[in-house]
Undergrad: 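Just passing along the structure, written as structure tokens.
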Protein chains: 2
Amino acid sequence: MSDLLERLRGRGWRLTSQRRVVAEVLDGEHVHLTADEVHARAVERLPEISRATVYNTLGELVCIGEVLEVATDGRAKRYDPNAHHAHQHLICSGCGAIRDVHPLGDPLAALPEAERFGFTVSGAEITYRGLCPQCSNRP
Amino acid sequence: MSDLLERLRGRGWRLTSQRRVVAEVLDGEHVHLTADEVHARAVERLPEISRATVYNTLGELVCIGEVLEVATDGRAKRYDPNAHHAHQHLICSGCGAIRDVHPLGDPLAALPEAERFGFTVSGAEITYRGLCPQCSNRP
DNA sequence: ATCCTAACTTGGACTTTGTCCAAGTCAACA
DNA sequence: TGTTGACTTGGACAAAGTCCAAGTTAGGAT
């Protein structure tokens, strides 16, 4: 189970039941939940947990790099617990399903110096879009 | 000026003063405005224009592919009038500045068949992140 | 030119997503 | 076992966006 909790303890976090539950929800299913979805699942295990605490905890996890924030559309942010393994995202335009994918090569290498405009470029996120098998079989 | 307006007329759009103003705002400065910024600029030319109309018009322009919606963070969507020229975005993590950039090669080519999971992949958006020259010279 | 009508716009109410804060609670160390 | 500062809570607030009934108007028909 959660070595995530161990890492948090190592960083001096107080291990409250709330943080434990949020970590478990994220660690449990490696999907890309919104903050409200995390809250809903957390409430199943700890009915009094507040939205504010879920937002706080997610924000802290993002800050320390344990979780990635994914802005796939203009809607709610999604939280990706798979932060320690480089990957990109493939999103179904039909139903919104998200998959982790692993493209070849380093996307940064494709951006020539002349196209960097003096920026210190540190990363690249790729969002592939398409239709999942189910949505392909419908209009 | 706006051949965008010509294309809209060609599609059977009623050319209202509101739509004209929104098109002019987008066409005028090729930056990446939020809906509220578009509204603010539109109001300067047409004081009574409502937020709802700006949202409607932007949504329609996105639907017909004249404008791209860019979700760079979890905040407001940004609207990119440069839809007809393939490009990606480079964003400053310090100040949020956005530049259009042109990486080499086709990002789709980097995604092997085995990593597509049966999806019909149709596009890829790349968001490069880094620090702009100004922000590099500060913490 | 004028009329008609479907298409468009308006303003305000409402929803979703997220932030903030004062007051109360509790994990962890002594 | 007590203490204390870190954490949590609920509710108010804010930002971004959607929806709708009522009013207006562009543009084809007359």
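Convention: sequence-line order gives letters A, B, ...; per-chain numbering from 1.
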Undergrad: Using a strict 4.0 Å threshold on nitrogen-to-oxygen distance, state whether A/Asp73 and B/Lys77 make a salt bridge.
TA: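 Looking at B/Lys77 together with A/Asp73, the answer is no, because their closest N to O distance does not fall below 4.0 Å.
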Undergrad: Tell me what A/Thr16 touches on the nucleic acid: a base, only sugar-phosphate, or nothing, going by heavy atoms under 4.0 Å.
TA: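 Answer is sugar-phosphate: A/Thr16 comes under 4.0 Å of backbone atoms only.
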Undergrad: Rounded to the Å, how far apart are B/Tyr79 OH and D/dA16 C1'?
TA: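 One finds 10 Å between C1' of D/dA16 and OH of B/Tyr79, rounded.
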Undergrad: Do B/Glu60 and B/Arg19 sit within salt-bridge range, that is, some charged N less than 4.0 Å from a carboxylate O?
TA: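 So B/Glu60 pairs with B/Arg19 through a salt bridge.
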Undergrad: Give a yes or no on whether A/His84 atom NE2 has more than 12 heavy-atom contacts from other residues, nucleotides or ligands under 6.0 Å away.
TA: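 Enclosed: over 12 neighbouring heavy atoms sit under 6.0 Å from NE2 of A/His84.
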Undergrad: Please tell me if B/Gln18 has a side-chain N or O lying less than 4.0 Å from either OP1 or OP2 of D/dT24.
TA: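 No, because none of the side-chain N or O atoms of B/Gln18 sits under 4.0 Å from OP1 or OP2 of D/dT24.
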Undergrad: On DNA chain D, check which nucleotide each of B/Arg51 and B/Trp13 is closest to and give me the residue with the more 5' one.
TA: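 By nearest-heavy-atom nucleotide position, the 5'-most residue is B/Arg51.
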Undergrad: Starting at CG of A/Leu58 and ending at P of D/dT8, how long is that distance when rounded to a whole Å?
TA: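 Taking CG of A/Leu58 and P of D/dT8, I get 12 Å after rounding.
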Undergrad: Expressed as a whole number of angstroms, how long is the span from B/Glu37:CD to D/dG17:C1'?
TA: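 Taking atom C1' of D/dG17 as the reference, CD of B/Glu37 is at 15 Å.
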Undergrad: Starting at the 5' end of DNA chain C, which residue's closest nucleotide do you reach first, A/Ala35 or B/Ser50?
TA: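 It is B/Ser50 whose nearest nucleotide is closer to the 5' end.
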Undergrad: Answer yes if the ring centres of B/His89 and B/His32 are under 6.0 angstrom apart, and no otherwise.
TA: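 Yes - the distance between ring centres of B/His89 and B/His32 falls below the 6.0 Å cut-off.
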Undergrad: Over how many whole Å does the gap from B/Arg20 atom CZ to D/dT25 atom C1' extend?
TA: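 Rounding to the nearest Å, CZ of B/Arg20 and C1' of D/dT25 are 13 Å apart.
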Undergrad: Check whether any side-chain N or O of A/Tyr55 sits under 4.0 Å from OP1 or OP2 of C/dT19, and answer yes or no.
TA: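 Answer no for this pair, as no side-chain N or O of A/Tyr55 is under 4.0 Å from OP1 or OP2.
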Undergrad: Assuming nearest nucleotide by heavy-atom distance, tell me which of A/Arg75 and A/Ile49 is located more 5' along DNA chain D.
TA: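 The answer here is A/Ile49.
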Undergrad: When you get a sec, tell me which of C/dT10, D/dT18, C/dT17 is the closest nucleotide to the side chain of B/Glu48?
TA: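 Of C/dT10, D/dT18, C/dT17, C/dT10 is nearest to the side chain of B/Glu48.
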Undergrad: Distance check needed: D/dT8 P versus A/Leu46 CG, whole Å only.
TA: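 The distance from CG of A/Leu46 to P of D/dT8 comes to 10 Å, rounded to the nearest Å.
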Undergrad: For the pair made of CZ in A/Arg11 and C1' in C/dA27, what is the distance, rounded to whole Å?
TA: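 Rounded to whole Å, this separation is 20 Å.
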Undergrad: Check the distance between D/dT18's P and B/Asn56's CG and give it to me in whole angstrom.
TA: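 Checked: the CG to P distance equals 9 Å.
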Undergrad: Can you measure B/Arg9 atom CZ to C/dA7 atom C1' for me and round it to whole angstrom units?
TA: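 Checked: the CZ to C1' distance equals 15 Å.
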Undergrad: Can we say A/Arg78 and A/Glu69 salt-bridge, meaning some charged N sits less than 4.0 Å from an Asp/Glu carboxylate O?
TA: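 The answer is no: the pair does not qualify as a salt bridge.
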Undergrad: For A/Ala52 and for B/Gly12, find the nucleotide of DNA chain C with the closest heavy atom, then tell me which residue's nucleotide is more 5'.
TA: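 Residue closer to the 5' terminus by nearest nucleotide: B/Gly12.
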Undergrad: Ignoring the backbone of B/Arg14, work out which of C/dA6, D/dT9, D/dA16 is nearest its side chain.
TA: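 Of the candidates, C/dA6 comes closest.
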Undergrad: Would you indicate what B/Arg19 reaches in the nucleic acid, counting non-hydrogen atoms under 4.0 angstrom: base, sugar-phosphate, or nothing?
TA: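 Sugar-phosphate: the residue B/Arg19, judged by heavy atoms under 4.0 Å, touches backbone atoms but no base.
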